[in-house]
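A short write-up of the structure that comes next.
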Amino acid sequence: MHITIAPDEHAAGRIAATLIGAQLLQKPESVLGLATGETPLPTYAELVRMHQDGIVSFGRATTFNLDEYVGLPPGHEQSYHTFMWRHLFSRVNIDPAHTHLPEGCAADMPAACKAYDAAIEAAGGIDLQLLGIGHNGHIGFNEPGETLDQGTHLADLAPTTIQANRRFFADEAQVPRQAITMGMGGIMQARRVLLVACGAGKADIVAALVTGLITTTVPASLLRLHRDAHILVDEDAARKLG
Ligand code: PGA
């Protein structure tokens, strides 16, 4: 596992965007795994700037997002579809047909999950997966527990995740309780993984990820078994690394 410590979240975003941009320069038809949340915002802003400057093209790229809330239609203000279109897809030259997010309103969830994994496989697998990390160690919505799922699946959000996501909704009752998420197997199959964590609030979980046990109670710790995982943190999130 490779660790980079950036001075602050903006520098971390520039570094992450540089790595993603380099991936696209090296392989324009790259399959990117993308994430939502607060962490990747500086990364997407920088990718948009790099695109505007003619450095990066998404013209031949394909993307698969990690997750989507169950019950929120794509046009919902807080859906991850809306997030991705607002912050990245509408601002770069990506072919909309090449962008993929799990279907939060699928009539047949198990079939939709299977189809998502099949689509990733048909695209040739994920070249570079961008990840954030929850305070509880989740990646995507793979929440801590005794077991973890391999493929894309319907997941119950942990109470702490509902609390953490409450800030995006008018009240806690409106926070979806379930999501469709890529599984740990899908994430581990990505050829490269880039996990970004910023802020003092992430310092404990970053320390657990980097120096603690490999355990299903910290799902991100499984990344220690990945052959090309890059952990990119800012100084605040790195505070508890020895
Ligand atoms: P955040 O979320 O980027 O908003 O901190 C990360 C996550 O929960 O995976």
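Remember, it's 1-based here, ligands and their atoms both numbered in the order they're listed.
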Do the non-hydrogen side-chain atoms of Thr161 and Glu143 ever get within less than 4.5 Å of each other? yes
Where on Lys202 is there a heavy atom closer than 4.0 Å to ligand 1, on the side chain, on the backbone, on both, or on neither? side chain
Heavy atom of the protein closest to atom 9 (O) of ligand 1 (residue, atom name, distance): His138 NE2, 3.3 Å
What's the shortest distance from atom 4 (O) of ligand 1 to any protein heavy atom, and which residue and atom give it? Glu38 N, 2.9 Å
Out of the candidates Arg91, Met84, Arg86, only one should pair with Tyr44 under the side-chain contact (heavy atoms from CB on, under 4.5 Å) rule; please name it. Met84
Looking at side-chain heavy atoms only, is the closest gap between Thr36 and Asp67 below 4.5 Å? yes
Gly37 neighbourhood, listing ligand 1 atoms whose heavy-atom distance to it stays under 4.0 Å: 3 (O), 4 (O)
Can you list the atoms of ligand 1 that are under 4.0 Å from a heavy atom of Arg167? 4 (O)
Any idea which atoms of ligand 1 are less than 4.0 Å away from a heavy-atom of Gly134? 7 (C), 8 (O), 9 (O)
Counting only nitrogen or oxygen atoms and a 3.5 angstrom limit, does Thr39 reach ligand 1? yes
Ligand 1 versus Ile133, non-hydrogen atoms closer than 4.0 Å: side chain, backbone, both, neither? backbone
Is the CZ atom of Arg167 crowded by more than 12 outside heavy atoms at less than 6.0 Å? yes
Kindly check if the number of other-residue, nucleotide or ligand heavy atoms within 6.0 Å of CD (Gln150) is above 12? no
Minimum heavy-atom distance between Asn142 and Thr181, given as atom pair plus value: ND2-OG1, 3.7 Å
